[in-house]
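Treat the numbers as computed from the prediction; the structure is a model and nothing was measured. Every chain is numbered from 1, with letters handed out A, B, ... down the list of sequences.
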2 protein chains.
Amino acid sequence: MSSGRAGEPGPESDRRATIKEVAEAAGVSRSTASRALTGHGYAAPQVRDRVRAIARELGYVPDATARHLRRQASQSLGVLVSDLSNPFYAGLAAGISQQARRREYTMMLADDGGSPDVEAEVAEAFVALRVAGVIVTPVSAQVSEYLTRHRIPVVEVDRQFSAGACDAVLVDNASAARTLTGQLLQLGHRRIALVTDERHWTTGRDRLAGYRDAFAVAGVPVDDSLVVTAGWDVDAARVEVARLLDRPEPPTAVFAANNVLAEAVWRAADERGFTIPDRLSLVTFDDVSWMSMVRPGVTAVSQDAVALGEASVSQLCERIQSPTAPVRTVLLSATIVPRTSTAPPPSTSR
Amino acid sequence: MSSGRAGEPGPESDRRATIKEVAEAAGVSRSTASRALTGHGYAAPQVRDRVRAIARELGYVPDATARHLRRQASQSLGVLVSDLSNPFYAGLAAGISQQARRREYTMMLADDGGSPDVEAEVAEAFVALRVAGVIVTPVSAQVSEYLTRHRIPVVEVDRQFSAGACDAVLVDNASAARTLTGQLLQLGHRRIALVTDERHWTTGRDRLAGYRDAFAVAGVPVDDSLVVTAGWDVDAARVEVARLLDRPEPPTAVFAANNVLAEAVWRAADERGFTIPDRLSLVTFDDVSWMSMVRPGVTAVSQDAVALGEASVSQLCERIQSPTAPVRTVLLSATIVPRTSTAPPPSTSR
DNA sequence: GCTCTGCCTGGAATCGATCCCATATCGGTT
DNA sequence: AACCGATATGGGATCGATTCCAGGCAGAGC
């Protein structure tokens, strides 16, 4: 888009200008026009300038489709996330988008809503489009395997399903969970619930592992009944958490494994009159905006989704450069943002 | 992606299977193979089944690039939003993504960060990719003009820059702003500030117009010094709002024009000790999650970004179907979600 | 036995851009 | 005068899929 003035260069006819038309208008062959426009190969300086001027005049925009077909390499990255409405994935997409643009890639984004079927469908679309590479927050082990089989570089982000088979960019979940759980233990909490979405993905697994580690380090036994799997839906999770709080011996602290679950805990605690932090301490993964706006603010593990997105683009580009380099797993460390949602357990519980 | 078992059909060689290879393996010509696979044109049932079986066996995935080149029509929609990290745009993208997938379009998403230059750059990339249509939250009048000139259908969503020149899907900002301002006036407020991002886009303009209307209806003069333009950055806006609250006669109510500004007002009020709603009433556009989690909950105009996205895909698809139909502007109504952030003005202010 | 109709298939052009390779031109050298 | 290297350009094949068109073949009708 050269400028915004009216009467600006543009397609006069109904059809879009092709390089052939540009070439004819400039009185050169298609080959020369191509060299002049792309800068690949030789073209006399004056010819080059003339061709370029005419291209601008005709509003010529090269057809990426044709170029990709010929070059057998596209300038698009496929991105597949689980839920764009979730600020974590949205931030991830924003980071990827920025980095991709900087490297002159366009981004094909799809949202699989957590469904393996949709995920598979989108993966096939990506193969059809011959994307240069794919970044995915996987829901199944199949995506990466399928894409890899089709020789498309893949980076798994946030979760890992194909360790050793493709690159991954992850957050050090175990370590962050260990630290945060440790802090709760140190405050004197013993009945610390872990509310998680599921336990088999690396995210859930590692956060659970960190939680257990902290107990082990402190020499406190884990009460397995306090590890609750609550799924992905806020409302369903809220019911689950309410049930937890209604127990005769409710937990004195809750570790929510992500922002959605934290929201569920927050709302359930509010409904049940569990004052935070006096009666219930709350810590969570994902530092999203509401956590710093509510009172008390919620102590959270900040994952910096944008950085995660950027890192995965870097990794993907390196992989595209050198397809045979050894597979790598990048582990980003998370920071803990301490706020005021934790306190020692209520005295009656000691 | 047919299934996830190991030893599954897939490219054995390094190259991807092409229709030529499928045809050869099936002992038919490329033409027949194409007809068998696409269902366009005739192919004997048994031939068709055999070709399809072999295609599956070889892990054949048609090259969308080549297909689009030949058909001169792509199955991708371009989407251009201002800020993916903002839940409003993220929701919009989520809605678009879902609808697009349902209609078998893939989505090319870009984030222009509010910059007209990036916007123009992305528009050109969309033209190059020969997308079937574009949905944009415009930051300049040029995008739509440029894309239209290149015969690409455009739908402007949320904001309108090219009234009459292309379709648009908008929210009835004026009416929602009028109602909400009216409620504040009825509660007895007179010093009602409007904190807006800017005043020239339709969003800002219409919200301002609704605000003024409400004053006119109530027969109360508008104090122009209370209409504050605070830009797009939370922190900058917070400073601006702080200045507003520090005035000798601060407003008794604030109408924030979007969720970012509401956040700024919320934080500034918190810092300044302006208790909501006792000392300051707050209402806002955009109902994002934190507004129902903080106490008091914030009364907000809910725009349903997802619905907005879905409506714009519908509009775009209709436009693609009938390029010459008269231009249309769809106006969605917004709902007001009343919460507890409003109260009569403090008695000292009456 | 011949022709006609309808089913079925393959050849070849096409979409737009790229790029290898052949060739033309020119200034300068021996 | 013949030749060489460097500069500059065009012809044509190519990427993968689609689609128009011509034609082959079989069965039915006369």
Q. Partners of A/D111 by salt bridge (charged side-chain N to carboxylate O under 4.0 Å, His left out), sequence neighbours excluded?
A. none
Can you pull every protein N or O that's under 3.5 Å from an N or O on nucleotides 15-21 of chain C?
from: C/dC15; atom 1: O3'; to: B/Q72; atom 2: NE2; distance (Å): 3.2
from: C/dC15; atom 1: O2; to: B/R70; atom 2: N; distance (Å): 3.4
from: C/dG16; atom 1: OP1; to: A/R15; atom 2: NH2; distance (Å): 2.9
from: C/dG16; atom 1: OP1; to: B/Q72; atom 2: NE2; distance (Å): 3.0
from: C/dG16; atom 1: N2; to: A/A66; atom 2: O; distance (Å): 3.4
from: C/dA17; atom 1: OP1; to: A/Y60; atom 2: OH; distance (Å): 2.8
from: C/dA17; atom 1: OP1; to: A/D63; atom 2: N; distance (Å): 3.3
from: C/dA17; atom 1: OP2; to: A/I19; atom 2: N; distance (Å): 2.4
from: C/dT18; atom 1: OP1; to: A/R67; atom 2: NE; distance (Å): 2.5
from: C/dT18; atom 1: OP1; to: A/R67; atom 2: NH2; distance (Å): 2.9
from: C/dT18; atom 1: OP2; to: A/S34; atom 2: OG; distance (Å): 3.1
from: C/dT18; atom 1: O2; to: A/R70; atom 2: NH1; distance (Å): 2.2
from: C/dT18; atom 1: O4; to: A/R30; atom 2: NH2; distance (Å): 3.2
from: C/dC19; atom 1: N4; to: A/S31; atom 2: OG; distance (Å): 3.2

Q: Could you tell me whether B/A43 contacts a base, only the sugar-phosphate backbone, or nothing, with contacts defined as non-hydrogen atoms closer than 4.0 Å?
A: sugar-phosphate
Q) Can you tell me how far the OG atom of A/S97 sits from the CG atom of B/D112, to the nearest 0.5 Å? A) 9.0 Å
Q.
So, applying side chain to side chain contact (heavy atoms under 4.5 Å, CB included) with A/V313, which one of A/R103, A/R101, A/E318 is it?
A. A/R103
Q. D/dA17 P sits how many Å from B/Q75 CD, rounded?
A. 16 Å
(Q) Rounded to the nearest 0.5 Å, what separates atom OG in A/S162 from atom CG in A/D167? (A) 11.0 Å
Q | salt bridge (charged side-chain N to carboxylate O under 4.0 Å, His left out) partners of B/R130, counting only residues at least two apart | A | A/D63
